[in-house]
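Let me begin by presenting the structure, written as structure tokens, before commenting on it.
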Amino acid sequence: MSVAVADVLIPLALDTAYSYAVPAGLDLAEGDVVQIPLGPRETVGVVWSLREGASGGNLRRVTAKVAEEGLRPPLRRLVDWIARYTLAPKGSALAMALRLPEEGTRSEVARIGVRATGAAPSRMTPARAKVIAVAADGAVRGKRALGLEAGVSSSVVEGLIDDRVLEAVALAPERVAEPPDPDHPHAPLSGPQREAADALIATLTAPAPGGTAGEGGVTLLEGVTGAGKTEVYFEVVAEAVRRGVQSLVLMPEIALTAQFLDRFAARFGARPAAWHSGIGGRRRERIRAGVAAGEIPVVVGARSALFLPFRTLGLVVVDEEHEAAYKQDDGVCYHARDMAVVRAKLENAAVVLASATPSIETRVNAARGRYRRVVLPERFGGRRLPEIAAVDMRREAMPRGRYLSPTLTAAIAETNARGEQALLFLNRRGYAPLTLCRACGHRYQCPNCSTWLVEHRFRRALVCHHCGHAERRPEACAACGTLDNLAACGPGVERIAEEVAATFPDRRVIVLSSDFPGGAERLRAELQTVAEGGCDIVVGTQLVAKGHNFPHLTLVGVLDADIGLASGDPRAAERTFQLLQQVTGRAGRGEKPGRALVQTYQPEHPVIAALISGDAERFYAEETAAREVAGLPPFGRLAALIVSAAEREAAEAHGRALAQVADPPPGVMVLGPAEAPLALVRGRHRFRLLVKAEREVDIQSYLRDWLARGPKARGSVRVGIDVDPQSFL
DNA sequence: AGCACGCCGACT
DNA sequence: GTCGGCGTGCTC
């Protein structure tokens with residue numbers, strides 16, 4: 001006697017599928033969503049495999065099949081792949097793709113529509129006449145919509161339904177997205193844009209009608225800020241729509257704004273389905289269902305959109321490919337850009353990675369021929385890139401406690417005199433990054449972290465930017481009690497704003513940073529004000545580096561280009577270069593040409609030199625070479641795994657490939673496929689490690705440090721995700 | 001995830 | 001003495 005057995009993967013932190021007996025008469029297929037008993041409760045899972053088991057045994061039985069479409073094979077393979085690659089339990093990876101119907105997803109409240117029957121009402125009133133006049137065309141309208149259109153309350157409509165003048169009909173569920181029209185009238189592309197779009201279209205794997213199919217793969221679309229990359233990939237999306245395959249456009253959550261959706265609507269005549277953390281409940285389910293049914297041709301979404309159940313995914317665009325926001329580092333750690341590449345490969349879809357400042361790893365992949373590369377070398381509409389010049393701070397006469405050089409001050413004055421805006425960029429929130437007592441030298445430090453407390457003068461507080469700890473700015477020194485003798489050391493944006501106000505008392509100044517008082521709503525209004533030219537000088541942090549377009553902005557002043565260059569992060573140079581290139585690139589995107597002045601104490605530093613000369617190619621080549629010299633791979637490939645012999649056996653039982661390095665911390669092993677992220681096993685505990693640095697030596701010292709503090713002190717730790725997935729495909 | 005079991009500190 | 005904190009293990 002044999003019996004049908006389903007191995008069901010449950011969306012919990014479980015690494016193996018559980019076996020259930022399939023009751024006779026229940027027709028199951030792999031990928032089906034099923035309800036199953038688990039301990040004392042019922043839950044859902046996905047049939048991962050089906051097999052014949054020996055003699056009934058004592059397996060519990062599958063309760064029922066859930067009336068939802070099953071997971072298609074590519075998505076199941078993605079789940080397996082991600083679990084293996086990130087060392088997350090398979091069930092956790094599945095949870096990302098399954099996102100259970102939220103609580104209270106009342107089985108789709110059927111919307112009711114009404115239509116005129118042609119019958120005459122038993123009584124006529126002015127309100128009824130209005131409704132009947134509107135409904136006379138015989139079209140189906142929503143109850144509410146009909147009342148609204150006729151300018152009467154819905155009770156009139158109800159009355160007419162009772163009177164058989166209107167009949168109720170079931171209405172198709174509300175659309176979450178209007179169908180995009182690939183041929184909606186739009187501004188033509190420039191010559192270089194057209195060429196780039198054609199090159200990308202040639203990679204689409206879905207064949208053109210009567211034409212040939214491309215071979216897919218990954219293409220880097222690189223273009224300076226303002227080159228019009230978005231229009232280019234919109235064109236590729238349009239072609240995918242024409243060919244009847246679905247497209248996914250991934251963006252960092254913050255870039256997924258109404259402004260962007262409007263841009264999409266301007267090109268396609270309809271807003272796309274938008275998927276991000278703010279989309280909840282019913283809408284979420286609709287989008288899932290629409291995507292699964294193939295009715296939604298284009299989704300624009302943040303990270304998690306990667307796990308939507310596309311039916312025929314033909315194109316994935318990853319906008320702002322270099323953005324760190326693509327890294328998920330809680331739960332299952334992954335890099336959405338890399339997982340997009342993996343998913344596309346599994347779905348045989350083409351990938352476009354778009355960026356003005358591509359990450360090193362993507363450049364390396366392009367240079368090695370693993371990715372294709374398409375470049376838009378110039379700004380759209382003949383606009384020039386801003387001229388960038390260094391301000392050598394060693395030669396500027398700087399009064400104490402001042403941060404605007406005479407050169408920059410003069411440039412601001414000229415710019416404003418022409419009626420144009422200036423942006424002063426300093427990537428430091430608050431008033432001063434360090435506060436100390438003049439009498440005793442006491443430095444205010446965070447009680448939780450090892451960081452200095454940052455003075456926020458506006459809030460009259462000392463704040464830790466690491467953990468959020470805040471305390472009132474003291475009147476007397478906490479250590480020696482001296483009154484009113486605190487010194488603010490170094491500048492933050494608030495202090496710069498103060499200096500600007502003193503130097504240019506008649507100018508309108510706006511300070512923009514993520515802790516903007518009044519929250520996101522007011523911040524948006526403020527950005528709008530800047531865009532409309534309602535201020536003369538903007539002082540901002542990294543927040544102003546991207547997003548909103550400021551057409552009146554013609555001068556960007558970088559107050560301290562050296563911030564960030566000295567940090568121990570192996571990506572420091574790359575990050576700083578990208579940030580400065582973005583910020584300076586904000587100048588001159590409107591009618592008038594722009595320029596940027598970069599205050600620095602080390603104008604010969606490769607990052608600064610590359611920024612000034614505009615020679616990004618050289619910088620990246622040097623940076624890649626420098627990493628090789630330092631023993632750092634061009635991207636975060638972990639070269640070795642730490643293993644303790646005592647645990648090796650158990651690890652191998654898990655089927656993990658292991659390698660050993662010298663001098664492992666005692667009692668510790670790290671396991672995972674060679675070169676993949678690491679999971680730390682200590683005793684019976686399993687931890688994941690976040691290792692920012694990408695060198696073996698750093699991982700080891702980090703491990704030791706972490707172990708010294710112990711799991712109690714530290715909670716859980718995770719391994720980085722800067723690993724190249726291509727080597728595992 | 002939920003739930004049970006067990007071990008330690010701090011209280012009516 | 002107990003109550004309950006969470007650390008740990010288990011669910012086919």
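In what follows, every heavy atom counts, from backbone to side chain, and hydrogens, waters and symmetry copies are set aside. Lettering follows sequence order; numbering is per chain, from 1.
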Protein-nucleotide distance (A:Leu94, atom CG; B:dA1, atom P), rounded to Å: 14 Å
Value in whole Å for how far the P atom of C:dT11 lies from NZ of A:Lys90: 19 Å
Integer-rounded Å distance: C:dC10 C1' and A:Leu12 CG: 11 Å
A:Val34 and A:Tyr20, any side-chain heavy atoms less than 4.5 Å apart: no
Nucleotide nearest A:Tyr18 when distance is taken to its side chain, options B:dC3, B:dA1, C:dT11: C:dT11
A:Glu52 CD: over 12 foreign heavy atoms closer than 6.0 Å: yes
Any donor-acceptor N/O pair, A:Asp15 side chain to A:Lys90 backbone, under 3.5 Å: yes
Nearest-Å distance for atom pair CH2/P, residues A:Trp48 and C:dC12: 20 Å
Length of the CG-P vector between A:Asp15 and C:dC12, whole Å: 17 Å
Atom pair distance, as rounded to whole Å: CD in A:Glu42 and P in C:dC12: 11 Å
Touch class at under 4.0 angstrom, heavy-atom based, for A:Ile10 against every strand present: nothing
Nearest to side-chain heavy atoms of A:Arg41, which nucleotide of B:dC3, C:dC12, B:dA1: B:dA1
Nearest-angstrom distance from the residue atom CG of A:Leu38 to P of B:dA4: 14 Å
Atom CZ of A:Arg72: over 12 foreign heavy atoms under 6.0 Å: yes
Between P of B:dA1 and CE of A:Met96, the distance in whole Å: 13 Å
Contact under 4.0 Å: A:Arg60 side-chain N or O vs C:dC12 OP1/OP2: yes
